Structures are given as C-alpha cells and as structure tokens.
Amino acid sequence: MVKPSIPKGTRDFTPVEMMRRNYIFDTIRNVFHKHACLPIETPAMENLSTLMGKYGEEGDRLLFKILNSGDFTKGVDFQDETQSTNKLAAQLCEKGLRYDLTVPFARFIVQHQNELTFPFKRYQMQPVWRADRPQKGRYREFYQCDVDIIGSNSLLNEAELVEITDEVFRAFGINIVMKINNRKILSGIAEIFCSPDQVTDLCVALDKLDKIGREAVCAEMLERGISQDAICGMAPLFELSGLSNEEVLAKLEQMLAASETGLQGVAELRTVLDYVAKMQIATNLEIDVTLARGLNYYTGAIFEIKATDVAMGSISGGGRYDNLTGIFGLKNMSGVGISYGAERIYDVLNELNLFPQHILTPITAMFVNFGGDDEIYALQGLKALRDAGIPAEIYPDKAKIGKQMNYANAKGIPYVIMAGENERAQGVYTLKNMQTGEQKSLVIGEIVEAMKNDE
RNA sequence: GCGGUUGUAGCUCAGUUGGUUAGAGUACCGGAUUGUGGUUCCGUGGGUCGUCGGUUCGAAUCCGACCUGCCGCCCCA
C-alpha cells in the first residue's frame with residue numbers, strides 16, 4: 001500500500017473550503033461581468049518556448065517543465081558538460097505548466113487576433129504553477145483571477161481596473177490600500193541619476209524600501225553597481241512617504257524635469273488619479289514610487305493591492321504592458337491588467353472572519369428515511385422541494401432515527417422532515433427546525449412556502 | 001536554489017539518562033435510548049512513532065540522508 005500524499009505545495013480542498021472558494025470566484029466573476037469582460041480559458045500547459053524568458057531569470061527557474069513523451073532521451077547528449085541545465089531541459093521538455101495567465105493571454109491574443117474585437121476585455125480564472133518553495137500563503141499550485149483590457153492605450157482602462165478592484169474588495173468587505181506607480185517614472189529616475197540599463201537593479205532595490213529600510217536599500221544599490229552620487233541624488237525619493245498624491249506628483253515633476261519619459265510617467269499617473277477622482281471611486285489609491293514589481297514586461301502603470309487589516313503579502317497586482325504580444329509577432333497591442341490571488345483573498349477573509357454564513361449550508365432540508373411505503377412518501381415530498389428549487393436530500397438508508405438526526409446535525413442541515421405512518425395517513429409531513437427544535441405538521445406546499453420565505 | 005526549524009491515532013498533544021505490550025483528550029463506531037440531533041454515561045476499534053539507513057544488547061528518544069509543513073533569503077498571488 002502506498003501512503004497517500006500529494007506533491008509539495010499542492011492542496012486538496014474539502015467541501016467547506018470549496019464553498020468558500022466558489023464564493024470568492026463567484027463574487028469576482030460577477031464584478032467582471034458587470035464591466036462587460038468576457039471569459040476565456042487556456043490550457044494548463046504551454047509550449048515551453050512560449051513561457052521561457054518572459055519572467056526573467058528567476059521566472060525560468062520557477063517554471064515546471066514537462067518531460068517529453070516517448071523516447072525522450074533520444075539524441076540527447078548527457079555527457080556534454082558544456083550544456084547548461086536549461087539547454088538540456090529544452091531538449092527533454094517542450095512543454096511547461098503556465099506560470100501566470102498574462103503570457104498565455106498574450107499568446108492567445110496573437111493566435112486569435114482575427115476572431116476577436118478590439119479593444120478586448122477578458123477575464124480568466126484558472127490555476128497557475130510555480131516551482132517556488134512553499135510557505136504560508138505561497139503554494140506551487142494556486143489560482144489567479146485575471147482581468148485585462150488589451151488593444152487600447154487609453155488611461156480610462158487603468159481607471160476602470162481601479163474601479164473593478166474597488167468593487168471586488170467592497171463586495172468582500174476587505175479594506176485595502178491600492179498602490180500605484182508608473183514604470184516610466186522608474187525609467188526616468190534611472191535615466192537621470194544612473195543609466196537607463198540600470199533600471200532593473202534600481203527597481204529590485206527600491207522595491208524593498210518598506211521592508212528593509214532606507215539604509216539597506218542604499219547598500220543594495222551600491223552592491224548592484226549604482227554609484228554613491230546617484231544614490232545621493234535619489235535622496236528625495238526616500239522622503240515621499242506621508243505626502244499627499246498631489247505633493248508627490250509635484251516633487252516628481254521637479255526631479256524628473258530632464259527626462260521626457262519620466263515626465264510622461266508623471267502625467268499618466270496624474271491622469272489616472274484624475275479619472276479615479278471624477279468617477280468617485282472610494283478606494284484608497286496611493287502613489288508609491290518604490291513599487292516596482294519583478295515582472296519586467298510592465299511599461300506603464302503598476303498596481304499592487306494590500307489588505308489594511310491583516311499582515312499579508314500583496315493580494316493582487318498588475319500593470320500595463322505595451323509590447324507583450326510583440327514577442328509573438330503582433331505589434332502595437334498595448335494592454336493593462338490586474339490579477340487577484342484567490343488563496344490570499346481566502347486567507348484574508350478567513351482571518352477577518354468575513355465569509356458569509358449562508359455559503360456553508362447548501363442543503364436546506366433532509367428527509368428522514370423510515371423505509372417501505374414511508375420512504376416512497378418521503379421521495380414524493382423530496383421531489384416537490386427540489387422542483388421548487390430547494391436543495392434537499394433523503395437519508396439513503398433506513399437507519400436509526402438518532403443516526404439520521406446526527407447526520408443532519410453534523411452537516412448543518414437546518415430542516416429535517418419526518419413522515420411515517422401517521423403523517424402519511426393524514427397527507428402531511430413533520431417539519432423540524434434543527435436550530436430551535438420546533439416541530440410542525442404541514443402539507444408539502446406549506447413546507448415549500450416556509451422554506452422559500454426562509455431564504 | 002541557499003539557511004533555519006518541525007513531524008507520535010482522523011485532529012490537538014503527553015511520552016522520564018535510550019529499557020517490557022507507546023498514552024490522554026477529542027472525533028469516529030457500538031450500547032444506555034427501535035419516531036428525534038446538540039448535553040451525559042459505558043464500551044470497541046484505530047499507530048510501519050514522517051521515510052530509509054546508522055549507533056546500540058535494546059531507539060518514538062541519539063546520529064545521517066531524504067520527504068513534508070513552517071520561518072528567513074531569493075522571488076512573488
């Protein structure tokens with residue numbers, strides 16, 4: 001016998017967990033529908049060539065690769081030590097599990113460009129896989145809920161994503177702060193203070209400011225080859241927290257006066273904030289110039305969302321990408337999107353006790369099984385309830401009443417219906433409220449009515 | 001990928017310097033109670049002590065490797 005187990009970082013979901021997860025997906029899907037977004041799905045596995053090189057060096061390492069079928073060692077030289085692991089893997093694996101939903105989406109757009117109407121608003125809620133080391137809130141298989149608007153440069157789309165985010169988290173009752181930045185601002189900073197090709201090093205270091213503090217960030221910048229002079233020049237960046245969005249924009253405009261790109265980033269940010277204000281979106285939107293995010297395909301706005309009432313990593317993130325489809329041969333297709341992390345949202349809802357009670361009791365009534373003719377009589381009542389759209393079941397065996405009651409109790413079924421010889425003779429059913437213990441003799445129509453009103 | 005830490009019944013955990021047949025609570029199942037659950041009482045079952053190897057007369061206990069969960073780094077939903 002094998003000991004039952006599942007791979008590291010993966011999980012089973014119990015009925016209670018699934019009902020909660022479905023509540024999350026349903027809630028998000030409703031908001032997406034309201035914003036006229038259309039659903040798509042893509043396969044769990046993509047060609048490795050689609051995936052490799054899109055997420056940086058780190059991303060390549062975290063990709064799950066799928067061993068070729070058949071004689072996969074044929075023609076592969078394992079002795080050749082000049083081959084890197086990556087090159088060897090490329091010979092052995094031509095497929096991999098998707099790492100996120102955005103790159104497969106870009107592939108999808110290019111492949112189906114002639115069937116789609118642009119601007120295209122899509123949503124997609126599917127699992128993704130990363131060979132990361134699991135920790136709390138970090139899994140190797142997890143779900144993302146993505147929404148993207150592609151084929152339009154309009155900053156109205158950024159504003160709409162803020163609006164969608166606001167609606168999603170308001171529906172959950174989660175208080176959030178939404179941080180926003182613009183990659184062009186980061187490029188401008190690199191342009192002015194160090195050099196444009198150091199923007200990645202700059203971002204990686206700057207991104208850690210709230211975590212490791214100013215001094216450690218400066219130390220990391222030095223280590224990454226950014227000069228002391230440049231770091232001193234950037235000093236005002238470290239002093240922006242606490243300022244209003246307007247004040248931050250003004251300061252950035254000063255600092256970036258010599259960079260066209262940088263100023264454009266500031267202008268974009270200002271426009272988005274302006275839209276958001278005019279649309280009267282209540283979400284707390286905060287400029288954070290240290291927000292960089294690792295994904296190197298972002299070119300404009302960058303978003304990140306954190307729950308304010310619980311200590312947890314970001315529950316959502318996204319941004320604008322101008323050229324993601326370019327690598328698949330389609331130019332001039334700018335898009336902006338955001339991704340909500342289902343398991344992070346689950347943990348937040350759980351920790352703050354925000355899951356609604358009603359999602360846990362999908363079964364409204366259970367008929368006790370007395371066997372024989374009583375069983376048939378119960379089945380008739382059961383059908384009436386189901387026809388009326390009331391989720392109900394009958395205990396399948398003629399077991400002891402205590403056992404059947406226990407079953408209903410353990411499953412949290414709010415109503416138990418009993419009908420034996422006496423009830424059958426009178427054409428009624430005994431309805432028992434499991435919470436109060438109260439019992440009533442009613443005809444089936446009255447029971448249906450009572451339960452409909454109860455909902 | 002690097003460093004640290006954890007693992008005993010379905011669950012929460014005891015288990016003495018290494019010493020007979022590894023315990024408790026809870027849950028489960030059965031009974032007290034054959035048309036009434038949540039409270040109570042009694043009883044049954046349930047363990048390759050994470051896995052493999054080593055030290056030892058003897059290992060849940062000491063050592064090593066691996067696996068898993070967790071924490072930090074990297075990165076990130």
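All values reported here derive from a predicted model rather than from experimental measurement. Residue numbers start from 1 in every chain, and the chains themselves are labelled A, B, ... in the order their sequence lines are given, proteins ahead of strands. We use all heavy atoms of the structure for the numbers below, so side chains are in, but hydrogens, waters and symmetry mates are not.
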Practice task
Looking at every strand, decide which applies to A:Ser5 at a 4.0 Å heavy-atom threshold: base, sugar-phosphate, or nothing.
Solution key: nothing

Exercise for the section: Name the closest nucleotide to the A:Thr430 side chain, picking from B:rG35, B:rC74, B:rA77. Expected result: B:rG35

Problem - Side chain of A:Arg138 - closest among B:rU34, B:rA77, B:rG37 - result: B:rA77

Exercise for the section: Confirm from the modelled atom types if A:Arg133 and B:rG3 form a donor-acceptor pair under 3.5 Å, side chain to base only. Expected result: yes

Practice task
In whole angstrom, give me the gap between the C1' atoms of B:rU17 and B:rC62.
Solution key: 12 Å

Completion exercise
Separation between CG (A:Leu38) and CD (A:Gln124), nearest 0.5 Å, reads 12.5 Å

Practice task
Figure out the CD1/P separation between A:Ile212 and B:rC73, and round it to whole Å.
Solution key: 9 Å

Exercise for the section: Check every strand shown and say whether A:Gln439 touches a base, only sugar-phosphate, or nothing at a heavy-atom separation below 4.0 Å. Expected result: base

Exercise for the section: Under 4.0 Å between any heavy atoms, over every strand shown, what does A:Gly56 touch: base, sugar-phosphate, or nothing? Just pick one. Expected result: nothing

Exercise for the section: Check whether any side-chain N or O of A:Gln135 sits under 4.0 Å from OP1 or OP2 of B:rG72, and answer yes or no. Expected result: yes

Problem - Given B:rG38, B:rU36, B:rC75, the nucleotide with the shortest approach to the side chain of A:Glu58 - result: B:rC75

Practice task
Mind checking A:Glu423 for me? I need base, sugar-phosphate or nothing, with any heavy atom below 4.0 Å counting as a touch.
Solution key: base

Handout entry: Sugar-phosphate, base or nothing in reach of A:Ser339, heavy atoms under 4.0 Å
Key = nothing

Exercise for the section: Starting at atom CG of A:Asp132, determine the distance to atom P of B:rG72, rounded to an integer number of angstrom. Expected result: 13 Å

Handout entry: Distance, nearest 0.5 Å, that separates CG of A:Leu349 from CD1 of A:Ile174
Key = 4.0 Å

Problem - C1' spacing across the pair B:rU8 / B:rC13, given as an integer number of angstrom - result: 9 Å

Handout entry: Integer angstrom distance from the C1' of B:rC11 to that of B:rG3
Key = 32 Å

Practice task
Starting at atom CD of A:Glu57, determine the distance to atom C1' of B:rC76, rounded to an integer number of angstrom.
Solution key: 16 Å

Exercise for the section: Tell me whether the OP1 or OP2 atom of B:rC73 has a side-chain N or O from A:Lys208 closer than 4.0 Å. Expected result: no

Problem - d(CG, A:Asn422; P, B:rU36) in whole Å - result: 13 Å

Exercise for the section: Establish whether the base of B:rU36 is bridged to the side chain of A:Lys432 by a donor-acceptor pair shorter than 3.5 Å. Expected result: yes

Handout entry: Parallel, tilted or perpendicular: rings of A:His33 and A:Tyr123 (30°, 60°)
Key = perpendicular

Handout entry: Distance-only donor-acceptor test (3.5 Å): side chain A:Gln435, base B:rG38
Key = no

Problem - Separation of B:rU68 P from A:Asp12 CG (nearest whole Å) - result: 15 Å

Exercise for the section: Have a look at A:Gly313 and say if it touches a base, only the backbone sugar-phosphate, or nothing, with a 4.0 Å heavy-atom cut-off. Expected result: nothing

Completion exercise
Stems with RNA chain B, 3 or more Watson-Crick or G-U pairs in a row (under 3.5 Å), are B:1-5 with B:69-73, B:10-13 with B:23-26, B:29-32 with B:40-43, B:50-54 with B:62-66

Practice task
Taking only the side-chain nitrogens and oxygens of A:Lys403, find out if one of them lies under 4.0 Å from OP1 or OP2 of B:rU34.
Solution key: no

Handout entry: Nearest-angstrom distance, P atom, B:rA22 to B:rU48
Key = 13 Å

Handout entry: Over 12 non-hydrogen atoms of neighbours within 6.0 angstrom of NZ in A:Lys136
Key = no

Exercise for the section: Return the value, rounded to whole Å, for the distance between atom NZ of A:Lys211 and atom P of B:rC71. Expected result: 12 Å

Practice task
Taking the six-membered ring for Trp and the single ring otherwise, decide whether the centroids of A:Tyr298 and A:Tyr321 are under 6.0 Å apart.
Solution key: no

Problem - Nearest-nucleotide pick for A:Phe142, side chain only, options being B:rG35, B:rC75, B:rA77 - result: B:rA77

Completion exercise
Of the candidates B:rC70, B:rC75, B:rG35, the side chain of A:Lys136 sits closest to B:rC70

Practice task
Using the C1' atom on both, measure B:rU26 against B:rG46 and round to a whole Å.
Solution key: 14 Å

Exercise for the section: Mind telling me whether A:Phe108 and A:Phe120 have parallel, tilted or perpendicular rings, with 30° and 60° as the class edges? Expected result: parallel

Handout entry: Base of B:rG37 paired with side chain of A:Asn406 (donor-acceptor, under 3.5 Å)
Key = no

Exercise for the section: Assign the ring pair A:Tyr429 / A:Phe367 to parallel, tilted or perpendicular, where the plane angle (0 to 90°) is split at 30° and 60°. Expected result: perpendicular

Problem - Interatomic distance where CZ belongs to A:Phe303 and C1' belongs to B:rC76 [whole Å] - result: 18 Å

Practice task
Answer with base, sugar-phosphate or nothing: what part of the nucleic acid does A:Tyr143 contact at a heavy-atom distance below 4.0 Å?
Solution key: nothing

Problem - Spacing of CD1 belonging to A:Ile24 relative to CZ belonging to A:Phe355, to within rounding of 0.5 Å - result: 4.5 Å

Handout entry: Between B:rU36 (C1') and A:Lys440 (NZ): distance, integer Å
Key = 18 Å

Handout entry: By side-chain hydrogen bond (donor to acceptor under 3.5 Å, both in side chains) - contacts of A:Glu423 (at least two apart)
Key = A:Thr430

Exercise for the section: Looking at every strand, decide which applies to A:Val128 at a 4.0 Å heavy-atom threshold: base, sugar-phosphate, or nothing. Expected result: nothing

Problem - A:Lys8, nearest nucleotide to its side chain (from B:rG69, B:rG35, B:rC75) - result: B:rG69

Practice task
For A:Glu141, answer base if it contacts any base atom (sugar-phosphate contacts may also be present), sugar-phosphate if it contacts only those atoms, and nothing otherwise; contact means non-hydrogen atoms under 4.0 Å.
Solution key: nothing

Exercise for the section: Enter the distance from A:Lys411:NZ to A:Asn406:CG here, rounded to the nearest 0.5 Å. Expected result: 13.0 Å

Exercise for the section: Looking at every strand, decide which applies to A:Gly371 at a 4.0 Å heavy-atom threshold: base, sugar-phosphate, or nothing. Expected result: nothing

Practice task
Considering only atom C1', compute the distance from B:rC70 to B:rC28 and round it to an integer number of Å.
Solution key: 29 Å

Practice task
May I ask you to say what A:Gly59 touches in the nucleic acid, namely base, sugar-phosphate or nothing, with a heavy-atom cut-off under 4.0 Å?
Solution key: nothing

